[in-house]
Structure formats: structure tokens, C-alpha cells
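Quick caveat, the model's predicted, so the values are computed rather than measured. Residue numbers count from 1 along this sequence.
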Amino acid sequence: MGKRLRKARPMCYCVSPRSSSLHSIFSWYEEDMWIEIAKFLDGRSVVILAMTCKWFNRIMMEDSVWKYACLRDLQVPDPGKVAFKWIKLYAAAFDGSHTYMFRQQEKHIDWMRIGAFLFDSNAALLSESLIAPLRIPDEETTDRTLQLKGCCLLKNIKTGIWIADLQLVRCPVCDLDSCDGTMQTLDARHIELFLNEGYNNGSWDYNVLGSHNISKHADGASGGIFDIKHLKDQTTSDIFDLKSWVGKKNDWQPKAVVTLHAVAVNTNLQNNEGIQIKYQAMKAGKEGEVVAIRISQQLL
């Protein structure tokens with residue numbers, strides 16, 4: 001007799017002992033871990049990770065992830081309350097935008113990102129001199145202060161993170177494409193500026209605070225923006241150590257430095273007959289806070 005056939009078993013699939021709880025473990029246990037991992041990634045990498053699946057998209061869009069990335073990459077402390085989500089602030093700071101992309105594009109030549117600093121108070125000192133000690137001007141008209149002292153006190157500054165760029169633009173006096181005249185501009189703005197409707201629709205614009213002419217040879221074109229509250233801080237004093245960052249005598253390349261509460265630029269000049277320094281500010285509406293500042297230098 002032949003052997004009896006064993007009763008066939010039905011086909012079945014294997015069940016992992018962890019499969020039933022895998023999703024909950026991945027979501028609950030590892031969520032905090034992935035948020036911490038994200039803090040070591042740059043903005044582009046966070047976006048790529050967010051595109052892999054819905055779960056990662058939810059985790060990577062956490063406001064705390066983008067806040068950490070923004071403060072880390074800008075190298076500034078937490079400013080406190082902000083009006084927009086941090087992912088939007090990160091994009092506004094790092095998407096390559098600058099103020100001349102929205103205004104006077106035809107005049108723009110080149111630009112350089114200097115960095116970020118913090119306005120802790122609502123008062124700023126704007127100065128064309130970078131020689132310490134800087135003195136806070138008396139309560140006079142801005143234009144008169146600029147004419148006499150080459151500096152001015154600007155109040156009602158919007159506190160928080162500010163972005164500083166160095167802009168090179170064509171001469172604003174004429175519209176000739178053949179004109180070789182250029183103007184250097186220290187261009188600072190609040191990090192939220194580009195996200196405001198008033199700026200984007202053109203209702204906010206720059207107003208001239210005043211100007212100052214130096215009608216003799218100038219060794220350099222310089223300018224600085226300082227938070228009054230931190231004018232005497234040790235970090236701010238680094239700006240007055242000109243040998244540490246200003247170019248040598250025959251170095252004609254623009255130089256810039258940013259500290260925790262101040263920013264400054266300097267460009268050594270060849271033989272000239274003087275320069276004009278113009279100061280501008282933009283308010284968030286007619287009676288609003290100051291949200292952008294420009295200090296421009298142009299050869300006479």
C-alpha cells in the first residue's frame with residue numbers, strides 16, 4: 001500500500017508580531033525623535049523629507065522645526081512673538097529675494113547678503129561714521145542732524161529680526177544705460193516685510209530722511225545701523241575695530257560686518273571729489289513702525 005497523503009494545509013501569510021503596533025509606535029514614539037533630527041537639516045532637506053509621505057509632511061511642517069532652522073541659520077536669538085509662521089519667515093529670508101526685486105529692478109546691478117541682526121529697542125542710530133565713540137544726537141530735526149553730524153536718531157523701529165544686504169545700483173540721477181555711475185546701499189529690512197500686503201501692493205515705500213554731502217576727498221564710503229539700547233555692548237564694539245574687517249588701503253572690494261544688534265559697511269575709494277550720503281526709511285503705513293532702512297553713498 002502506498003503512503004497516505006497528508007492533509008494539505010491552506011496557504012497563509014506570515015504575521016509579524018510587531019505589525020499591529022508598528023504604525024502607532026512610528027507615529028507616537030518616533031515623532032519627537034524626527035523633529036529633533038529635522039533640526040540638524042537645512043531648509044531644502046526638510047522640504048525634501050516632507051515630500052516623502054503624509055506622515056513626514058505633517059511632522060516637518062511643525063512650526064518649531066522651522067523656527068529652530070530660521071534662528072540657527074540667521075544666527076540670532078528668539079525675538080519672541082512673530083506675525084507669520086516660521087516656514088514663511090524662513091522662505092522670506094532664504095529664497096534669494098531682496099528689496100530691489102520689488103522696486104527699481106532696472107537700476108539694480110548686484111547684491112550681497114550681509115546677515116541678520118536684532119532690534120531689541122525701537123530706536124536706531126544711523127551713522128556714516130564708524131569711529132567710536134558714537135554720540136546719540138540731540139533732539140533736532142533729522143535733516144539738520146545729518147547735515148551737522150552725519151548721523152541721525154530714528155524712532156518707532158519695528159523690533160525683531162532684521163535682514164541686512166549690501167546693494168550696488170545704477171546712478172539714480174539719470175536714466176541713461178550708458179551711465180557708469182553707481183551707488184552703494186546698506187539695505188536693512190524687517191524679516192516680515194515681504195509678507196505684508198502693504199509692501200507688496202506698493203502702498204509702503206521709502207521716504208528720504210535727509211542727505212549729507214562731503215565735498216572733499218573721502219577715503220571710504222561707510223555706514224552703520226545700530227540699536228540704541230546696545231550701542232555700548234561688547235559685540236557692537238567689534239564694528240569699531242576697523243582693522244579687523246575693513247579692507248586694506250588698495251582693496252576696493254566692499255566689506256561688511258554684522259553683530260547681534262548692529263550692521264555696518266565700508267568700501268575704500270580711489271581719488272574722488274567727495275560723496276553724497278542719503279538716508280531713507282519705510283514705514284508700515286503713514287503712522288506705522290519703521291520696517292526698512294537704507295543708507296546710500298554716491299560719488300559727487
Step-by-step side chain to side chain contact (heavy atoms under 4.5 Å, CB included) determination, Asp238 to Val257:
CA-CA 9 Å; Asp238 292 343; Val257 62; 5.7 Å; no
Working to the nearest 0.5 angstrom, can you tell me the gap between Ile228 CD1 and Ile136 CD1?
4.0 Å
Please report the closest heavy-atom contact between Pro77 and Leu71, naming both atoms and the distance.
O-CD2, 3.7 Å
Go through the steps for Asp187 and Thr185 under the test side chain to side chain donor-acceptor pair (under 3.5 Å), then give the verdict.
CA-CA 6 Å; Asp187 188 15; Thr185 300; over 6 Å; no
Are Leu126 and Val258 connected in the hydrophobic side-chain network, where two residues link if heavy atoms are under 4.5 Å apart?
yes
Take atom CZ in Arg135; do more than 12 heavy atoms of anything else shown fall under 6.0 Å from it?
no
Among Phe94, Tyr90, Trp86, ring pair (Phe, Tyr, Trp, His ring centres under 6.0 Å) partner for Trp66:
Tyr90
Between Met282 and Tyr206 the two heavy atoms that sit nearest each other are CE-CE1, 3.4 Å
Could you walk me through whether Val65 and Ile59 pass the side chain to side chain contact (heavy atoms under 4.5 Å, CB included) test, one step at a time?
CA-CA 9 Å; Val65 171; Ile59 298 303; 5.7 Å; no
If every non-hydrogen atom of Ser222 is compared with every non-hydrogen atom of Leu130, which pair is closest and at what distance?
CB-CD1, 3.9 Å
Any donor-acceptor pair under 3.5 Å linking the side-chain atoms of Asp120 with those of His230?
yes
Could you tell me the separation between the NZ atom of Lys155 and the CG atom of Asn122, rounded to the nearest 0.5 Å?
8.5 Å
What's the shortest heavy-atom distance between Gln298 and Thr182, and which atoms?
CG-O, 4.1 Å
Using the rule given for side chain to side chain contact (heavy atoms under 4.5 Å, CB included), can you reason through Ile293 versus Trp162, listing the C-alpha separation, both sets of side-chain angles and the distance that settles it, and then say yes or no?
CA-CA 10 Å; Ile293 298 169; Trp162 281 59; 4.0 Å; yes
Sub-4.5 Å side-chain heavy-atom contact between Ile191 and Cys70:
yes
Spell out, as yes or no, whether a donor-acceptor pair under 3.5 Å connects the side chain of Asn268 to the backbone of Asp251.
yes
Backbone of Ser97 reached by a side-chain donor or acceptor of Asp95 within 3.5 Å
yes
For residues Ala38 and Met60, report the shortest heavy-atom separation together with the two atoms involved.
CB-SD, 3.7 Å
Counting N and O atoms only, with roles assigned by atom type, does the side chain of Asn266 sit under 3.5 Å from a partner on the main chain of Gly220, one being a donor and the other an acceptor?
no
Can you tell me how far CZ of Arg170 sits from NE2 of His108, rounded to the nearest 0.5 angstrom?
10.0 Å
Would the distance check show the side chain of Asn200 and the main-chain N or O of Leu195 forming a donor-acceptor pair, the cut-off being under 3.5 Å?
no
Within a strict 4.5 Å, meaning less than it, do heavy atoms of the Leu269 and Leu299 side chains meet?
yes
How long is the span from the CG atom in Leu125 to the CZ atom in Phe226, to the nearest 0.5 Å?
6.5 Å
Side chain proximity check, Glu128 to Ile295, heavy atoms < 4.5 angstrom
no
Is any side-chain heavy atom of Val169 closer than 4.5 Å to a side-chain heavy atom of Ile109?
no
Can you check whether Arg44's main-chain N or O pairs, donor with acceptor, with Asp42's side chain at less than 3.5 Å?
yes
Please evaluate residues Gln167 and Thr99 with respect to the criterion side chain to side chain contact (heavy atoms under 4.5 Å, CB included), reporting the C-alpha separation (whole Å), side-chain torsions for both, the decisive distance (0.1 Å), and the verdict.
CA-CA 9 Å; Gln167 307 281 0; Thr99 57; 4.2 Å; yes
Sub-3.5 Å donor-acceptor pair from the side chain of His190 to the main-chain atoms of Thr159, do we have one?
yes
Close side-chain approach of Lys67 and Asp78, heavy atoms under 4.5 Å
yes
Quick check: do Tyr199 and Phe102 have side-chain heavy atoms less than 4.5 Å from each other?
yes
Aromatic centroids of Phe84 and Phe194 separated by under 6.0 Å:
no
Is any side-chain heavy atom of Gln276 less than 4.5 Å from a side-chain heavy atom of Leu300?
yes
In this structure, CD1 of Ile161 is separated from CZ of Phe117 (nearest 0.5 Å) by 11.0 Å
Rounded to the nearest 0.5 angstrom, the CZ-CG distance for Arg294 and Asp165 is 10.0 Å
So does Ser203 get a backbone contact from the side chain of Asn201, meaning a donor-acceptor N/O pair under 3.5 Å?
yes
Is Phe119 linked to Leu209 within one hydrophobic cluster, defined over Ile, Leu, Val, Met, Phe, Trp and Tyr using a side-chain heavy-atom separation of less than 4.5 Å?
yes
Can you check whether Leu118 reaches Pro79 side chain to side chain, under 4.5 Å on heavy atoms?
yes
